[in-house]
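Reading through the structure tokens given below for one structure.
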Amino acid sequence: MNEVVGSHDLLLVTLDTLRYDVAEELMAAGRLPTLARVLPGGRWERRHSPGNFTYAAHAAILAGFLPTPAAPGPHPRPFAAAFPGSETTAAGTWVFDAADLPGGLARVGYRTICVGGVGFFNGLTPLGSVLPGLFAESHWEPEFGVTSPTSFEAQIARAERAVAGADGPVFLFVNVSALHQPNWFHLPGATRDDGDSRASHAAALEYVDRHIGRLFALVSERRPGYAIVCSDHGTAYGEDGYVGHRIGHEVVWTVPYGEFTIERGRWR
């Protein structure tokens with residue numbers, strides 16, 4: 001990462017509540033053609049989240065504690081705050097002297113941009129302002145939120161305008177709300193009475209896949225891009241009687257993850 005930071009635009013996309021099992025099933029079935037193009041080997045990596053709901057997971061992720069490979073470690077991290085005794089800071093880790101990753105990148109010249117999705121990024125309350133407040137520039141509108149069937153398209157359009165106005169390298173963070181409940185409207189033929197399900201969760205991921213290529217093009221237009229696409233945590237749809245997240249269940253802790261570079265001007 002010491003060779004990447006400064007030479008690449010950076011993209012971090014969190015697919016809020018995306019379950020690993022659903023993501024892997026869709027990838028294996030050929031239903032995620034855009035993500036299959038960029039993920040190493042066309043596969044998701046199985047990882048464990050640092051938190052079981054949005055705020056906790058993002059507080060860790062934005063401090064450099066990304067989801068951890070689901071195997072015994074220690075696992076070196078790509079980014080890490082300077083911290084004596086850290087066992088996951090290695091020679092290839094980009095170490096920043098700040099409390100959070102956006103702050104560290106800002107110190108070396110990055111324009112840090114947040115395009116929020118779920119309520120913890122809406123800036124409407126003190127709590128909803130903490131995470132977006134880590135960035136130099138943050139954006140949220142109701143059409144980016146969980147109740148909008150076109151939330152991701154609206155988020156991308158705002159990201160494109162924000163990056164177009166930036167000088168120098170960019171760190172773009174997008175919290176994608178489309179997977180989060182309610183998501184029934186992404187499943188063709190479903191109604192509000194049908195409610196959310198594993199199937200509508202999958203349909204929401206297919207919706208994201210149809211549009212996410214615009215972000216890859218955006219961060220590789222001016223210079224090479226480096227992207228991390230992952231879930232912050234999963235969510236339950238009745239497994240063992242559980243519904244939702246902020247619970248200690250396997251479907252919540254286990255998340256899909258991918259990181260990759262994009263050559264400048266090569267994404268079409």
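For the single chain, residues carry numbers from 1 onward in sequence order. Side chains are part of it too, since the values below use all heavy atoms of this structure and drop only hydrogens, waters and symmetry mates.
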For R37, all residues meeting side chain to side chain contact (heavy atoms under 4.5 Å, CB included), sequence neighbours excluded: W267

P224 versus S7, closest heavy-atom pair with distance: CD-O, 3.6 Å

Just list the side-chain donor-acceptor pairs under 3.5 Å for residues 126-136, sequence neighbours left out, or say none.
unit_1	atom_1	unit_2	atom_2	d
S129	OG	G123	O	3.4
S129	OG	T125	O	2.7

Starting from the C-alpha separation in whole Å, work towards a yes-or-no answer on salt bridge (charged side-chain N to carboxylate O under 4.0 Å, His left out) for E263 and R223. CA-CA 8 Å; E263 292 184 38; R223 53 181 55 82; over 6 Å; no

Distance alone, cut at 3.5 Å: any donor-acceptor contact between the side chains of R77 and T88? yes

Any non-hydrogen side-chain atom of L172 less than 4.5 Å from a side-chain atom of L10? no

Measure across S220 and F216 and return the closest heavy-atom pair with its distance rounded to 0.1 Å. OG-O, 2.8 Å

Pairing residues for A56 by the side chain to side chain contact (heavy atoms under 4.5 Å, CB included) criterion, not counting sequence neighbours: F53

Give me each pair satisfying side-chain hydrogen bond (donor to acceptor under 3.5 Å, both in side chains) with a member in residues 152-174, each pair once, sequence neighbours excluded. H139-R158, E153-Y207, E160-R214

Nearest non-hydrogen partners of H249 and D240, listed with the distance: NE2-OD2, 2.7 Å

Provide the full list of salt bridge (charged side-chain N to carboxylate O under 4.0 Å, His left out) pairs with a residue in residues 110-121, sequence neighbours left out, each pair given once. R111-E137

Residue pair T14, D232: steps toward the side chain to side chain donor-acceptor pair (under 3.5 Å) verdict: CA-CA 6 Å; T14 53; D232 56 341; 5.6 Å; no

Listed by chain and number, what are the side chain to side chain contact (heavy atoms under 4.5 Å, CB included) partners of N2, not counting sequence neighbours? W94

Salt bridge flag under 4.0 Å for residues E24 and R43: yes

Sorted by chain and residue number, the side chain to side chain contact (heavy atoms under 4.5 Å, CB included) partners of P182 (sequence neighbours excluded) come out as V146, T147, W184, F185, D196

Considering all heavy atoms of both residues, which atom of P102 and which atom of L62 are nearest to each other, and what is their separation? CD-O, 3.5 Å

Are the aromatic rings of Y110 and F171 close, with centres under 6.0 Å apart? no

Test side chain to side chain donor-acceptor pair (under 3.5 Å) applied to R31 - qualifying residues, sequence neighbours left out: E206

Which pairs with one or both residues in residues 66-91 pass ring-ring contact (aromatic ring centres under 6.0 Å, His included), sequence neighbours excluded? none

So does E221 have more than 12 non-hydrogen atoms from other groups sitting under 6.0 Å from CD? no

Output all residues satisfying side chain to side chain donor-acceptor pair (under 3.5 Å) with T17, sequence neighbours left out; order by chain, then residue number. none

Stepwise, does the ring pair (Phe, Tyr, Trp, His ring centres under 6.0 Å) test hold for H58 with F173? CA-CA 11 Å; H58 281 86; F173 166 74; 5.7 Å; yes

Do V13 and N175 pass the side chain to side chain contact (heavy atoms under 4.5 Å, CB included) test, and can you show the C-alpha distance, the side-chain angles, and the key distance before you say yes or no? CA-CA 6 Å; V13 178; N175 170 251; over 6 Å; no

Can you see whether E143 engages S151 through a side-chain donor-acceptor pair at a distance of less than 3.5 angstrom? no

What do you reckon, is CZ of R210 surrounded by more than 12 foreign heavy atoms closer than 6.0 Å? yes

What pairs with H201 under ring pair (Phe, Tyr, Trp, His ring centres under 6.0 Å), at least two apart in sequence or on another chain? Y237

List, by chain and number, the other hydrophobic cluster members for Y242, where Ile, Leu, Val, Met, Phe, Trp and Tyr join if side-chain heavy atoms come within less than 4.5 Å, directly or indirectly. I247, V251, V252

